[in-house]
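Submitted below is the structure of interest, expressed as structure tokens.
Order of the sequence lines sets the chain letters (A, B, ...), proteins ahead of strands, with each chain counted from 1.
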Amino acid sequence: MNTSSPRRSALLSKAGVAAMLGLATLYTLLPLTWLLLSSTKSREDLFGTNGFAPGDEIHLTENLHHLFTADDGVYLRWVVNTVAYAGVGALLAAVFSVAAGYAFDKLAFPGKERLFSLVLLGVMVPGTALAIPLYLLAAEAGLVNSFWGVFLPGLVFPFGVYLARVFSASYVPDEVLEAARMDGAGETRAFCRIAFPMLVPGFVTIFLFQFTQIWNSFFLPLVMLSDQDLYPVNLGLYVWYSSALSQGHPEDYLLAVVGSLVSVVPLIVLFLMLQRFWKSGMTAGAVK
Amino acid sequence: MASPSTRGQRRTAALLLSPFLGLFAAVTLAPLLYAAWLSLFTTRTSGLGFGGTESVFAGWDNYVRALSDPAFRDGFLVVAAYCAVYIPVMIGGALLLALLLDTGLAKARSFFQLALFLPHAVPGLIAALIWVYLYTPGLSPVVDLLDSTGIDVDFLSADNAVLSAANIAVWEWTGYNMVIFYAALQAVPRETLDAAKVDGAGAIRTALSVKVPMIRPAIALAVLFTVIGSIQLFTEPKVIYNASSAIGSTFTPNMYVQTAAFQNNDFGLAAAASLLIALFAAALSFAVTRFSRRGSAS
């Protein structure tokens with residue numbers, strides 16, 4: 001026993017733990033540092049100076065100006081689109097998920113568990129495997145290259161329904177509902193007035209999950225959209241990046257870098273602000 | 001006597017479920033069924049392939065074609081190789097970091113949690129753009145640094161593309177899963193840990209024999225979602241594909257599907273391949289769930 005203790009104390013000392021955590025942090029932060037530094041550089045410095053060192057001069061404002069005026073200000077349009085796809089989409093998806101999850105948890109109706117296994121099947125089918133089938137169906141419905149072709153799929157979040165059922169089981173006590181029923185409140189009223197307010201933390205969590213998922217999605221918009229004005233930010237940046245490589249436009253490379261920074265910053269701020277919620281949601285999903 | 005309330009519950013359940021189920025039917029079930037239907041046909045194209053084409057019933061032909069196409073099968077091998085590297089490194093790393101945070105020796109815990117989680121707030125596409133820059137010789141400070149120490153690696157070569165893609169995913173997901181594992185670890189009852197200490201178990205022994213088994217459900221779920229995510233592998237290799245001549249347009253199953261549909265206009269084949277991917281994902285996640293249940297029951 002004693003023989004192992006010196007070795008253990010070397011690794012498992014305060015300094016050892018701090019060193020290991022510090023190393024991991026360096027790995028996560030260095031690429032972001034690169035993004036931040038590169039966004040402040042001129043095109044010459046971007047290719048001419050070390051990526052982890054600042055450039056000769058700070059060109060951030062020029063780069064931002066360039067970003068928002070390039071291609072007649074199409075970047076701002078992409079940002080607005082993304083907010084619509086991800087913000088509005090995730091909001092509706094969260095409402096639908098919470099309503100469905102609550103119904104699965106608290107209400108009695110025939111075929112409940114069979115329907116719920118259908119939802120679980122939806123959790124298991126990967127989103128990108130659905131992209132081509134969705135495209136083919138949208139082609140039939142005339143929704144290819146339209147707002148709806150990307151927006152509607154974002155409204156469905158089977159994992160959110162699963163999470164909402166878990167949340168409902170732990171946040172909404174059956175006794176409270178019994179009391180409401182005794183007082184003569186209808187079922188719908190009991191959900192809207194009593195259960196939903198109790199489920200708000202779960203609602204925010206589900207919103208955040210679906211929001212990042214839609215904000216992240218790339219395959220679906222890539223196959224669905226051809227009109228630049230309908231692009232979300234991700235797809236737009238990809239197009240800039242691709243043209244920088246294939247047509248040798250180094251200007252576009254800088255645009256993709258600055259555009260990346262501008263679209264990442266609000267996400268990071270959102271995550272910092274809503275820490276409490278994403279943490280609780282991730283744990284609820286994991287621990288059951 | 002219970003019937004009015006039962007009726008009320010049924011009516012409300014219908015009301016609350018219909019938006020989700022309606023949309024679920026429209027954007028999940030209907031596309032799957034439509035793809036299943038289309039996958040049974042092949043289009044005989046004349047000329048450009050727009051309109052006026054003839055659709056011929058093909059039976060299982062598209063499935064046979066996909067499964068017997070080495071390019072499609074290789075895609076699954078790529079995903080398997082990717083999983084073999086990515087899952088142990090990412091899950092192991094997340095677990096190690098969570099255990100380190102949980103030792104009581106760690107300072108500034110919330111800082112480390114946030115710093116390690118931060119990459120997850122970066123969309124996959126942007127993460128891939130950043131890393132591809134860091135992989136590109138002549139631009140990358142990392143490659144320069146390695147060069148100056150005499151190490152010569154080409155991150156974008158065919159052999160390394162899988163590792164390079166796995167690294168991007170490790171960067172994005174380790175902190176995310178670390179937060180989950182850390183939260184699960186904090187739910188481990190203190191009495192259990194005290195009992196282990198009384199029995200003479202050291203920190204490492206406690207971690208391996210007490211803590212890790214107790215958060216097994218969280219680990220199993222993380223593995224499940226990682227597997228489902230890995231089968232969808234598309235964004236990272238797609239971005240690497242642009243920068244590297246080493247990897248082809250059918251590198252992963254999803255890239256194969258996209259190429260079949262939009263380069264070759266072979267929608268029957270694309271539909272069949274999509275369904276095979278979905279089926280494979282569902283079967284795998286079923287197996288992982290089954291396996292982890294059996295494990296925790298014993």
Exercise for the section: Count the heavy atoms of every other residue, nucleotide or ligand shown that sit under 6.0 Å from CZ of B:Arg205, and state whether that count exceeds 12. Expected result: no
Exercise for the section: Please round to the nearest 0.5 Å and tell me the distance separating atom CG of A:Leu115 and atom CG of B:Leu17. Expected result: 7.0 Å
Fill in the blank from the handout: Applying a strict 4.5 Å limit to non-hydrogen atoms, the region of B:Tyr182 in contact with chain A is neither
Practice task
Give the member of B:Phe112, B:Trp171, B:Tyr34 that has the highest number of heavy-atom pairs under 4.5 Å with chain A.
Solution key: B:Trp171
Problem - Most contacts with chain B, counted as non-hydrogen pairs under 4.5 angstrom, among A:Ala93, A:Ala108, A:Pro153 - result: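 Going by pairs under 4.5 Å, I would pick A:Ala108.
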Problem - A:Leu222 versus chain B, the contacting section by heavy-atom distance below 4.5 Å - result: side chain
Handout entry: Criterion side chain to side chain contact (heavy atoms under 4.5 Å, CB included) on B:Val122 and A:Leu267, from CA distance to verdict
Key = CA-CA 7 Å; B:Val122 178; A:Leu267 274 183; over 6 Å; no
Handout entry: Nearest-0.5 Å distance that lies between atom CG in B:Leu38 and atom CG in A:Leu137
Key =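 Here the interatomic distance stands at 9.0 Å.
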Practice task
Go through the atoms of B:Leu21 and report whether side chain, backbone, both or neither lie under 4.5 Å from a heavy atom of chain A.
Solution key: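 Only the side chain of B:Leu21 comes within 4.5 Å of chain A.
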Problem - N/O donor-acceptor pair under 3.5 Å between A:Thr28 side chain and B:Ala115 backbone - result: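 Judged by distance alone, yes, a pair lies under 3.5 Å.
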Handout entry: Per-residue contact mode, B:Leu29 against chain A (heavy atom under 4.5 angstrom)
Key = side chain
Completion exercise
Checked B:Leu125, B:Leu114, B:Ile219 vs chain A; the most non-hydrogen pairs under 4.5 Å come from B:Leu125
Exercise for the section: Decide yes or no for B:Gln9 and A:Phe109: does some side-chain heavy atom of the first lie under 4.5 Å from some side-chain heavy atom of the second? Expected result: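 With C-beta onward as the side chain, the pair stays apart.
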Fill in the blank from the handout: Given B:Ala30, B:Ala243, B:Ser39, the one with more heavy-atom pairs under 4.5 angstrom with chain A than any other is B:Ala243
Practice task
Give the member of A:Val95, A:Leu32, A:Val257 that has the highest number of heavy-atom pairs under 4.5 Å with chain B.
Solution key: A:Leu32
Problem - Region of A:Leu136 in contact with chain B, defined by heavy-atom distances below 4.5 Å - result: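 Backbone plus side chain of A:Leu136, per the 4.5 Å heavy-atom cut-off to chain B.
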Practice task
Side chain from CB out, backbone as N, CA, C, O: work out which of these in A:Tyr241 comes under 4.5 Å of a heavy atom of chain B, or both, or neither.
Solution key: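 It is the side chain, since no backbone atom gets that close.
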Problem - Between A:Phe157 and B:Phe20, ring centroids under 6.0 Å - result: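 No; B:Phe20 has its ring centre 6.0 Å or more from that of A:Phe157.
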Problem - Side-chain donor-acceptor pair present, B:Thr12, A:Glu187, cut-off under 3.5 Å - result: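 Side chains of B:Thr12 and A:Glu187: no pair found under 3.5 Å.
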Handout entry: Residue part contacting chain A, namely of B:Val239, when any heavy atom lies under 4.5 Å
Key = both
Handout entry: chain A contact via B:Leu134 - side chain, backbone, both or neither, heavy atoms under 4.5 Å
Key =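 Side chain of B:Leu134 only, per the 4.5 Å heavy-atom cut-off to chain A.
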Handout entry: Greatest number of heavy atom pairs closer than 4.5 Å to chain A - which of B:Leu145, B:Leu118, B:Leu33, B:Leu279
Key =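 Counting heavy-atom pairs under 4.5 Å, the top option is B:Leu118.
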Practice task
Under 4.5 Å heavy-atom distance to chain A, tell me which part of B:Leu116 shows up: side chain, backbone, both or neither.
Solution key: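 Its backbone and side chain both get close to chain A.
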Practice task
Measure distances from A:Leu118 to the heavy atoms of chain B and classify the residue's part below 4.5 Å as side chain, backbone, both or neither.
Solution key: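 Both parts, heavy atoms under 4.5 Å.
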Practice task
Please tell me if the side chains of B:Thr174 and A:Tyr27 come closer than 4.5 Å, counting only heavy atoms from C-beta onward.
Solution key: no
Exercise for the section: Specify the closest pair of heavy atoms between B:Ser274 and A:Pro133, including all atoms of both residues, with the distance to one decimal. Expected result: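 That would be OG-CD, 3.7 Å.
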Handout entry: Residue among A:Ala141, A:Ala138, A:Pro110 with most heavy-atom pairs under 4.5 Å to chain B
Key =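 Heavy-atom pairs under 4.5 Å are most numerous for A:Pro110.
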Exercise for the section: Could you give me the CA-CA distance, side-chain angles and deciding distance for A:Thr128 and B:Thr235, then say whether side chain to side chain contact (heavy atoms under 4.5 Å, CB included) is met? Expected result: CA-CA 10 Å; A:Thr128 50; B:Thr235 306; over 6 Å; no
Practice task
Return the minimal non-hydrogen interatomic distance between A:Val125 and B:Ala278, and the atom names on each side.
Solution key: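 Scanning both residues completely, I find the closest heavy atoms to be CG1-CB, 4.1 Å.
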Exercise for the section: For each of B:Pro119, B:Ala270, B:Ala261, tally heavy-atom pairs with chain A at distances under 4.5 Å, and name the one with the top tally. Expected result: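 Maximum pair count with chain A is reached by B:Pro119.
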Exercise for the section: With rounding to the nearest 0.5 Å, note down the distance linking CZ in B:Arg10 to NZ in A:Lys112. Expected result: 12.0 Å
Problem - Atom group of A:Val161 that falls short of 4.5 Å from chain B, counting heavy atoms - result: side chain
Practice task
Nearest 0.5 Å please: distance from the CZ atom of B:Phe234 over to the CZ atom of A:Phe218.
Solution key: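 Rounded to the nearest 0.5 Å, the CZ-CZ separation comes to 5.5 Å.
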Exercise for the section: With a 4.5 angstrom heavy-atom cut-off, could you sort out which part of A:Phe271 is near chain B: side chain, backbone, both or neither? Expected result: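 Answer is side chain: those atoms of A:Phe271 sit under 4.5 Å from chain B.
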Problem - Top contributor to chain A interface from B:Ile277, B:Val257, B:Leu129, B:Leu97 [non-hydrogen pairs under 4.5 Å] - result: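 Max contact count across the listed options: B:Leu129.
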Exercise for the section: Check each atom of B:Ala26 against the heavy atoms of chain A and say whether the ones under 4.5 Å are side chain, backbone, both or neither. Expected result: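 For B:Ala26, backbone heavy atoms alone lie under 4.5 Å from chain A.
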Practice task
Name the region of B:Ala13, side chain, backbone, both or neither, that has any atom closer than 4.5 Å to a heavy atom of chain A.
Solution key: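 Contact with chain A: backbone and side chain both.
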Problem - A:Phe159 and B:Phe225 aromatic ring geometry - parallel, tilted or perpendicular at 30°/60° bounds - result: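 Ring orientation of B:Phe225 relative to A:Phe159: perpendicular.
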Problem - Contact class of A:Ser38 relative to chain B, heavy atoms under 4.5 angstrom - result: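 For A:Ser38, there is no contact with chain B at all, as no heavy atom is under 4.5 Å.
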Handout entry: Pick from A:Phe52, A:Trp215, A:Tyr238 with the largest number of heavy-atom pairs that fall under 4.5 Å of chain B
Key = A:Tyr238
Practice task
Search all heavy atoms of B:Val27 against all heavy atoms of A:Leu130 and return the closest pair with its distance.
Solution key: O-CD1, 4.3 Å
Handout entry: Rounded distance [0.5 Å steps], OG1 in A:Thr188 versus CG in B:Leu16
Key =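 With rounding to 0.5 Å, OG1 (A:Thr188) is 6.5 Å from CG (B:Leu16).
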Exercise for the section: Mark yes when over 12 heavy atoms from residues, nucleotides or ligands other than A:Arg189 sit less than 6.0 Å from its CZ; otherwise mark no. Expected result: no
Exercise for the section: With a 4.5 angstrom heavy-atom cut-off, could you sort out which part of B:Leu15 is near chain A: side chain, backbone, both or neither? Expected result: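 Interface part for B:Leu15: side chain.
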Exercise for the section: Check whether A:Thr212 gets within reach of chain B through its side chain, its backbone, both or neither, counting any heavy atom under 4.5 Å. Expected result: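 When you check distances to chain B, no heavy atom of A:Thr212 falls under 4.5 Å.
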Handout entry: Note, A:Trp34 side chain near B:Val142 side chain (heavy atom, < 4.5 Å)
Key =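 Not touching, per the 4.5 Å side-chain cut-off.
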Problem - Any donor-acceptor N/O pair, B:Asn242 side chain to A:Ser242 backbone, under 3.5 Å - result: no
Practice task
Below 4.5 Å from any heavy atom of chain B, which atoms of A:Leu120 appear? Answer side chain, backbone, both or neither.
Solution key: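 Nothing of A:Leu120, per the 4.5 Å heavy-atom cut-off to chain B.
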Completion exercise
Nearest heavy-atom contact between B:Ala281 and A:Met124 is CB-O, 3.9 Å
Exercise for the section: Give, for atom CG of A:Leu121 and atom OG of B:Ser285, the distance between the pair rounded to the nearest 0.5 Å. Expected result: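 One finds 8.5 Å between CG of A:Leu121 and OG of B:Ser285.
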Handout entry: Option that, when pairs with chain B are counted at under 4.5 Å, heavy atom only, ranks first among A:Pro31, A:Ser260, A:Pro158
Key =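 If we count pairs closer than 4.5 Å to chain B, A:Pro31 comes out on top.
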Exercise for the section: Apply ring-ring contact (aromatic ring centres under 6.0 Å, His included) to the pair A:Tyr135 and B:Phe262, showing each step before the final yes or no. Expected result: CA-CA 11 Å; A:Tyr135 168 84; B:Phe262 297 105; 4.9 Å; yes
Practice task
Side-chain contact test, heavy atoms from C-beta onward, threshold under 4.5 Å: evaluate it for A:Phe219 versus B:Gln258 and give yes or no.
Solution key: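 Contact flag for A:Phe219/B:Gln258 side chains = yes.
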Problem - Part of B:Gln113 lying under 4.5 Å from any heavy atom of chain A - result: side chain
